[in-house]
Amino acid sequence: DWAKAQVTASSVGEDRAMLLGFTMMAFSVLMYFLIGITLVKPHLNSDWHEEASCLLVQVDVLDEWADCRGVSTAPCLRVLVNLSTSGQKARLHYDEESVLINTECFYIPKCQVDRKVLVDEVQKIKNTLEETQGSELRCLSDPRKYPEDTILKRKYTLGLALWSLLWPSLILGGGALLVGLVKLNQRLAHLCTELGNERMNTGFFPDMVK
């Protein structure tokens with residue numbers, strides 16, 4: 001009875017470990033899918049590859065405030081630069097996502113009721129940028145889709161995509177390792193049982209046979 005109880009407990013533990021391993025692998029596949037849609041795909045589809053030097057020439061706050069999620073408005077900080085590659089003037093944005101939000105604005109503060117706080121926040125950034133006016137910045141452009149716009153940095157980078165894929169890869173590896181160890185343990189237990197039965201049948205333990 002004790003031996004049967006041990007076998008039953010061992011079987012239950014192995015079943016739970018197998019279930020955990022398969023759950024980890026399924027969860028990692030879901031993470032791969034989500035990361036692929038939200039990070040990897042935007043990185044692969046991005047055309048902001050052409051590097052250029054941007055000369056900061058103008059920083060101003062537009063009189064017309066920008067739409068803020070359709071519920072209010074916020075001040076729009078516009079930054080103009082000269083592109084070294086073409087010599088033409090272009091609007092500077094922080095990243096590729098800000099170009100899609102508003103093509104005129106470099107920065108739009110978060111929506112809030114206090115208009116004075118919004119103005120002070122934008123004015124602070126404006127003063128910081130004006131201190132660097134006339135200096136060159138490294139920027140990225142997409143002449144085919146956005147000939148009049150340029151960005152400071154890419155939001156969806158290769159490093160970010162690889163770093164995000166690291167965690168589901170570790171979970172997938174851990175789940176596969178857990179399942180592999182359980183299978184290995186079951187195989188070894190089966191071999192030990194067969195070996196023990198074979199030795200008993202061939203009289204390998206003479207004292208026990210007598």
Side-chain angles (χ1 to χ4, degrees), residues 1-51 68-71 93-102 107-111 138-142 144-146 149-210:
D1 293 340
W2 180 82
K4 290 182 179 180
Q6 286 291 102
V7 172
T8 303
S10 176
S11 177
V12 171
E14 289 175 350
D15 291 342
R16 290 178 178 177
M18 290 280 287
L19 178 61
L20 177 60
F22 284 122
T23 302
M24 290 172 64
M25 289 190 285
F27 182 67
S28 67
V29 172
L30 178 62
M31 290 182 65
Y32 275 128
F33 178 73
L34 295 176
I35 293 173
I37 292 177
T38 58
L39 294 177
V40 178
K41 186 177 180 180
H43 167 72
L44 296 176
N45 293 339
S46 177
D47 293 322
W48 297 92
H49 299 298
E50 186 173 327
E51 295 187 8
C68 189
R69 298 178 183 176
V71 296
H93 302 272
Y94 184 70
D95 55 33
E96 65 268 39
E97 194 171 75
S98 61
V99 179
L100 302 176
I101 296 175
N102 192 303
Y107 176 75
I108 301 176
K110 293 182 179 180
C111 304
R138 178 184 171 274
C139 56
L140 300 169
S141 62
D142 180 6
R144 186 172 60 87
K145 290 184 179 180
Y146 303 97
D149 298 280
T150 184
I151 62 174
L152 273 179
K153 59 180 292 185
R154 293 180 61 181
K155 180 177 182 179
Y156 304 103
T157 62
L158 177 61
L160 177 62
L162 293 177
W163 176 254
S164 301
L165 290 173
L166 173 64
W167 300 110
S169 299
L170 292 176
I171 295 175
L172 178 62
L177 179 62
L178 186 59
V179 172
L181 290 175
V182 173
K183 288 291 186 181
L184 178 62
N185 183 64
Q186 291 176 343
R187 180 59 180 168
L188 292 176
H190 181 69
L191 290 175
C192 289
T193 302
E194 288 186 345
L195 182 60
N197 293 334
E198 183 179 349
R199 289 179 175 178
M200 288 292 294
N201 294 332
T202 56
F204 186 78
F205 305 106
D207 294 337
M208 295 180 63
V209 174
K210 291 178 182 179

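For the numbers below, each heavy atom of this structure counts, side chains included, while hydrogens, waters and symmetry mates do not.
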Original post:
What distance separates E97 CD from I151 CD1, expressed to the nearest 0.5 Å?
Top reply: 11.0 Å
Original post:
What's the spacing between E14 CD and L181 CG if we round to 0.5 Å?
Top reply: 11.5 Å
**OP:** Before giving the answer on side chain to side chain contact (heavy atoms under 4.5 Å, CB included), spell out for D142 and V99 the whole-Å C-alpha distance, their side-chain angles and the decisive distance to 0.1 Å.
**Re:** CA-CA 11 Å; D142 180 6; V99 179; over 6 Å; no
**OP:** Can you see which heavy atom on I35 is nearest to which on S164, and at what distance?
**Re:** CD1-O, 3.1 Å
**OP:** Starting at CG of L162, measure out to NE2 of H43 and round the result to the nearest 0.5 Å.
**Re:** 7.5 Å
Subject >> For L140, the option from E51, K153, E96 that meets side-chain contact (heavy atoms from CB on, under 4.5 Å) >> reply: E51
Original post:
So L172 and S169, side chain to side chain contact (heavy atoms under 4.5 Å, CB included) or not? Walk me through it.
Top reply: CA-CA 5 Å; L172 178 62; S169 299; 5.6 Å; no
Subject >> Nearest-0.5 Å distance that lies between atom CG in L178 and atom OG1 in T23 >> reply: 10.0 Å
Original post:
Once you round to the nearest 0.5 Å, how far does CG of L44 lie from OH of Y156?
Top reply: 13.0 Å
Original post:
Going from CG on L170 to CG on L166, what distance comes out if it is rounded to the nearest 0.5 angstrom?
Top reply: 4.5 Å
Original post:
For K41, what residues pass the side-chain contact (heavy atoms from CB on, under 4.5 Å) criterion, not counting sequence neighbours?
Top reply: N45
Original post:
Are the side chain of D95 and the backbone of S98 linked by a donor-acceptor contact shorter than 3.5 Å?
Top reply: yes
**OP:** Evaluate the side chain to side chain contact (heavy atoms under 4.5 Å, CB included) criterion for residues Y32 and I171: first the C-alpha distance (whole Å), next the side-chain angles of each, then the deciding distance (0.1 Å), finally the verdict.
**Re:** CA-CA 11 Å; Y32 275 128; I171 295 175; over 6 Å; no
**OP:** Mind listing the closest non-hydrogen atom pair of G36 and P42 along with its distance?
**Re:** O-CD, 4.4 Å
Original post:
Pairs in or reaching into residues 164-189: which pass ring-ring contact (aromatic ring centres under 6.0 Å, His included), with residues at least two apart or in two chains?
Top reply: W163-W167
